[in-house]
Amino acid sequence: MTLEFRPLQGTFGAEVIGIDPGLRVSDAQFREIEAAWFRHSILLFRGLADVTPADQIDFTRRFGPLHIMVPTDYNLDGHPEVFVVGNDSEGGKAVGLRRAGMGFHTDGEDKVIPNAGSLLYGMQVPPHGGDTLFADMYAVYESLSEEILERIAGRRARFSRIALHHVHYPHLASFTEAQKRERPDVWHPLARRHPGSGRTALYIGRWAVDIEGLLEKDGGELIRHLQALAQEARFIYRHRWRAGDAILWDNRCTQHCATEFDDEKYIRRMHRTTLEGEAPLMAELSVA
Ligand SMILES: O=C(O)CCC(=O)C(=O)O
Ligand SMILES: [Fe+2]
């Protein structure tokens, strides 16, 4: 069956039409899907049915090696590659991570090797709320002024759990010395070249705190300015989930953010498979 890719919002995002509802695809179809993923950054699959954890793992693995989330508390029994997101419970025990991904981020941005992408499958979703927002970080990069491009060219941002833990999780206990050792700061290029598309995206996220080579205060201000810019409506696709949807996003050129829903009243259960990645590539300076 030939696949069709129907754009979601300009060239950002596309719905894959004509795919097998169990995500079983031929090699030729896989090549088309991967090329479309590089063109559109996020792919939406709708009307999926009976995608088992094994089907989801097999499909995602076509794109590259899978990552197993640590700690393993919310990984599916027997299928540790599947990480459960949401408020579902079994036998009185929470099976998923609640309130995951609030705040714009890319998965694994706080690690030396961030994750290339993730496939999130909506098994059970609330009738309203619980949307996921995606930001097109190629478009954000392309909107930057020459002055900002010059300030970020060749520079890396510092991503720091240690510096921002109390900002993002004010309700939690502060970071212990052991946690600080486990989650040291990392630096990634702000202008990131995508190895598949060859295009350049702005690479920041919720753990980015300042910029090497700039005063801490100036770098911090610039990061906050860029993060506010990325959240402008013109760069955002809002996904309203239906059960049976899955989205494959590319962490190298998008950010995403979960939103609230009434979790006293509704169950939201999502299964996520996560791709390993590569050390982010610094893009060449493209300003004169
Ligand atoms: O639940 C969502 O909408 C997104 C959660 C998230 O950030 C993730 O699964 O990586
Ligand atoms: Fe995430």
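Just so you know, ligand 1 is whichever comes first in the structure, and atom 1 is the first atom listed for that ligand. Fair warning: this is a prediction, and the values are worked out from it, not measured in the lab.
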Name every donor-acceptor pair, under 3.5 Å, that has one atom in a side chain of residues 184-196 and the other anywhere in the protein, sequence neighbours excluded.
from: Asp185; atom 1: OD1; to: Ser160; atom 2: OG; distance (Å): 2.7
from: Asp185; atom 1: OD2; to: Arg158; atom 2: NH1; distance (Å): 2.7
from: His188; atom 1: NE2; to: Glu109; atom 2: O; distance (Å): 3.1
from: His188; atom 1: NE2; to: Lys111; atom 2: O; distance (Å): 2.9
from: His194; atom 1: ND1; to: Gly196; atom 2: N; distance (Å): 2.8
from: His194; atom 1: ND1; to: Ser197; atom 2: N; distance (Å): 3.2
from: His194; atom 1: NE2; to: Asp250; atom 2: OD2; distance (Å): 2.6
from: His194; atom 1: NE2; to: Arg252; atom 2: NE; distance (Å): 3.3

### Query
Under 4.0 Å between a Lys/Arg side-chain N and an Asp/Glu carboxylate O for Arg31 and Glu34?
no
#### Entry: Asp107 and Arg272 ion-paired at < 4.0 Å
yes
### Task
Count, excluding waters, the protein N, O or S atoms that are closer to the Fe ion (ligand 2) than 2.8 Å.
3
### Near ligand 1, at a heavy-atom separation below 4.0 Å: residues by chain and residue number
Val85, Ala100, Gly101, His105, Asp107, Leu120, Thr132, Trp249, His256, Ala258, Arg268, Arg272
### Task
Check salt bridge (Lys or Arg N to Asp or Glu O under 4.0 Å) between Glu276 and all other residues, then give those that pass, not counting sequence neighbours.
none
### Query
Is the closest side-chain heavy-atom distance between Thr132 and Ile247 below 4.5 Å?
no
### Query
Between the main-chain N or O of Asp55 and the side-chain N or O of Asp58, is there a donor-acceptor pair closer than 3.5 Å?
no
### Query
Does Arg62 CZ have over 12 foreign heavy atoms under 6.0 Å away?
yes
### Task
Just do the side chain to side chain donor-acceptor pair (under 3.5 Å) check on Gln227 and Gln255 with the steps written out, would you?
CA-CA 10 Å; Gln227 195 58 328; Gln255 290 192 72; 2.9 Å; yes
### Charged N-O contact under 4.0 Å between Asp263 and Arg268
no
